[in-house]
Amino acid sequence: MDSNKIKEGVKLILEGIGEDVNREGLLGTPDRVARMYEEIFSGMNKTGKDDLLVTFSSESSGIVIERDITFYSMCEHHLMPFYGKATIAYIPDGKVVGLSKLARTVETFAKRPQIQEKMTEDIADAISKYLKPKGVLVYIEAEHMCMTMRGVKKPGSKTVTIATKGEMDKPENKDLFFNMMNGR
C-alpha cells in the first residue's frame, strides 16, 4: 500500500470539495486517513490459507455453524462502508478448524474494497479450497451506507447473500441450516 499516494489523494479530495488543507483541523487528516486505509484494507492479496490450514482431526459429520460474525467492509462502487454479520456452516470431512479461524477468514476477506456478493463467494471458495469440507455455506447479511446515507436513503435495509459449495448445496442441508438458524 502506498501511503504517500493516499495522502495526496485525500488532499485532492479536500481541495476538490472546497476545503483548506492547511486548516488546523485538517492538517493531520491525510496521514490519519492513510493509516486508517492500511487497517481497513489489510486483507488485500490475502487468501485465508494461513488460518484455514490449522485443523484438528474429527469424526464429526454433522453441520458445524459459526454465526453472527461481525464484519466491516468497503463498497468498491462508492468507497463507503457496508457492515453486518456473516454465518458459516460446513460439513467436516475428517477435520475441523478452530472456530476463531472462521472469524479470521471473514475478517481477511472483509478488509478490501468489493461487493458483498464477491465477498460471500470468496469466503466459501477459501473454506472449500483450504479446509476441504464435504460442503460449505456462507450467509451474509449487511447494511450498505451507500444505500442508507446517500442515493435512495433507506436506513435499516439489508442485503443478504448466500454461497454454497458441495453437500451444503443440497436442498435438505440448506433446509437444515435455515431451521437451525431459526432455532428449530
Original post:
Taking the hydrophobic residues Ile, Leu, Val, Met, Phe, Trp and Tyr, and joining any pair whose side-chain heavy atoms are under 4.5 Å apart, which ones share a cluster with M145?
Top reply: Y72, M80, Y83, M149
Subject >> Flag, side chain of D93 to backbone of K134, donor-acceptor distance under 3.5 Å >> reply: no
Original post:
Is L12 isolated, or which residues cluster with it under the ILVMFWY side-chain rule of less than 4.5 Å, directly or via members?
Top reply: none
Original post:
Please, which pairs that meet side-chain hydrogen bond (donor to acceptor under 3.5 Å, both in side chains) have at least one residue in residues 11-22, sequence neighbours excluded?
Top reply: E19-R23
**OP:** Give the minimum heavy-atom separation between D169 and T164, together with the two atoms involved.
**Re:** OD1-OG1, 2.6 Å
Original post:
Going by distance alone, is a donor N or O of one side chain under 3.5 Å from an acceptor N or O of the other, for Q116 and T161?
Top reply: yes
Subject >> Student check: side-chain heavy atoms of L176 and I63 closer than 4.5 Å >> reply: yes
Original post:
Looking just at side-chain N and O atoms, do T87 and E66 make a donor-acceptor pair shorter than 3.5 Å?
Top reply: no
**OP:** Just jot down the side-chain contact (heavy atoms from CB on, under 4.5 Å) partners of K132, sequence neighbours excluded, or say none.
**Re:** none
Original post:
Taking ILVMFWY side chains as joined if any heavy atoms are under 4.5 angstrom apart, and letting links pass through other members, which residues group with Y37?
Top reply: M1, I6, V10, L14, I17, V21, L26, V33, M36, I40, F41, M44, M74, L79
Subject >> Residue pairs passing the side-chain hydrogen bond (donor to acceptor under 3.5 Å, both in side chains) test where at least one lies in residues 47-65, sequence neighbours excluded >> reply: none
**OP:** To the nearest 0.5 Å, tell me how far F109 CZ sits from I140 CD1.
**Re:** 10.5 Å
**OP:** Could you check whether the rings of Y139 and F177 sit parallel, tilted or perpendicular, using 30° and 60° as the cut-offs?
**Re:** tilted
**OP:** Over all heavy atoms of both residues, which pair between S3 and E38 is shortest? Give the atoms and the distance, please.
**Re:** CB-OE2, 3.8 Å
